[in-house]
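As the structure lists them, so they are numbered: ligands from 1, and atoms in each ligand from 1.
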Amino acid sequence: MTAATLYIIATPIGNLEDITYRAVRILGEVDLIAAEDTRHSLKLLNHFGISKPLTSYFDHNQQIKGERILNALRQGKSVALISDAGTPCISDPGYQLVRDAVAEGIPVIPVPGACAAVAALSASGLPTDNFTFAGFPPSRQGKRRTFLAGISSLPGTLVLYEAPHRLLETLSDIREVLGERQVIVARELSKMFEEFIHGSASEVIDAVSQGIVRGEVVVLVAPGEVSEQESEPLENVLLRLMASGTLSIKDIAKQASVISGVSRSEAYGEALKLKYNTD
Ligand code: SAM
């Protein structure tokens, strides 16, 4: 155990056996544990017989708490950061604290372990040599479509987190914006009802529409077939986005310009032409 060190410790995403020996040892040795939700983490710590001073560190108190944690580190204390599940900083609090610690030259040591994105990708059967972890898509449809358009021409597998109640909307936007690619929904990883739903975007939408999706999900999307050199013609992109019937011409132009790499004004002009030819 090194003093004045910040440990970034991964905890299980479901199955408690998915914690490492090293994580348990370090959690039992540090001076302070900073947790996203102290009540939630107490259950985990009790399970492993760990009793250490706990402090909260979450999105809305990270300014104040970050400074206190840095002070503890400056005084030579060792601190472990954990989140509710998986690897801290990965769609979880921690980034600002790590950034500030690094900037001050405080040693930051990762203690690797579970991460839903990597677990889902590893068993998905989709290419793993190149992938983009894009986190949670925006919750509002317009922003979500623009976000998807922005990642649509990346070369590898796309890995997204999503809340179960937004899964269907996001899957249908994936079909609209990214086209009919292979999609996988990895649900409840490492838990009793773990499930991988494979298929084309439409097949997965059909499967998910059969009932209420419960639990946590990771969405994976296969790389698009078109390479940058032979990208989808602007007209096709515009027609596909127009077919959804829910976007304004301005939003269609915005998204098409990201997908096709043309200026917004060019996309807007083309969209207007198509609209008046098709109306
Ligand atoms: N830091 C975590 C990690 O390393 O995976 C992610 C935290 S993020 C707030 C929570 C999201 O991760 C969930 O909404 C879901 O998309 C994904 N997730 C977490 N646990 C999962 C599980 N057991 N099965 C599937 N997805 C999971």
Contact check, side chains of Ile249 and Leu272, non-hydrogen atoms, under 4.5 Å: yes
Side-chain heavy atoms of Ser209 within contact of Leu168, under 4.5 Å: yes
Contact atoms of ligand 1, heavy-atom distance to [X] under 4.0 Å:
| X | answer |
| --- | --- |
| Glu162 | 14 (O), 16 (O) |
| Lys191 | 23 (N) |
| Gly86 | 3 (C), 4 (O) |

Side-chain H-bond candidate by donor/acceptor type, Ser202 with Glu180, under 3.5 Å: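 A pair is found: one side chain offers a donor N or O, the other an acceptor, under 3.5 Å apart.
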Under 3.5 Å side-chain donor-acceptor pair for Asn71 and Arg74: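 Yes - a donor-acceptor pair under 3.5 Å links their side chains.
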With heavy atoms only and a cut-off of under 4.0 Å, state how [X] meets ligand 1: side chain, backbone, both or neither.
| X | value |
| --- | --- |
| Ser190 | neither |
| Asp84 | neither |
| Glu188 | backbone |
| Thr87 | both |

Path from Val111 to Leu45 over hydrophobic side-chain contacts below 4.5 Å: yes
Sole residue of Lys143, Arg140, Arg144 in salt bridge (Lys or Arg N to Asp or Glu O under 4.0 Å) with Asp173: Arg144
Passing option when Arg187 is tested against Glu194, Glu195, Glu162 for salt bridge (Lys or Arg N to Asp or Glu O under 4.0 Å): Glu195
Main-chain N/O of [Y] paired to [X] side chain as donor or acceptor, under 3.5 Å:
| X | Y | result |
| --- | --- | --- |
| Lys65 | Ser56 | yes |
| Thr170 | Leu167 | no |
| Gln210 | Asp206 | yes |

Which residue holds the protein heavy atom closest to [atom], what is that atom called, and what is the gap in Å?
| atom | result |
| --- | --- |
| atom 3 (C) of ligand 1 | Tyr161 OH, 3.4 Å |
| atom 18 (N) of ligand 1 | Ala116 CB, 3.4 Å |
| atom 10 (C) of ligand 1 | Phe136 CZ, 4.0 Å |
| atom 8 (S) of ligand 1 | Ser91 O, 3.6 Å |
| atom 26 (N) of ligand 1 | Val218 CG2, 3.4 Å |

Residue among Leu158, Val221, Thr157 satisfying side chain to side chain contact (heavy atoms under 4.5 Å, CB included) with Thr132: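 The residue from Leu158, Val221, Thr157 that satisfies side chain to side chain contact (heavy atoms under 4.5 Å, CB included) with Thr132 turns out to be Leu158.
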Residue among Arg68, Gln96, Gln62 satisfying side chain to side chain donor-acceptor pair (under 3.5 Å) with Tyr57: Gln62
Are any of the N or O atoms of [X] closer than 3.5 Å to those of ligand 1?
| X | result |
| --- | --- |
| Glu216 | yes |
| Ala85 | yes |
| Ile13 | yes |
| Ala117 | no |
| Val217 | yes |
| Ile90 | yes |
| Leu189 | yes |
| Asp92 | yes |

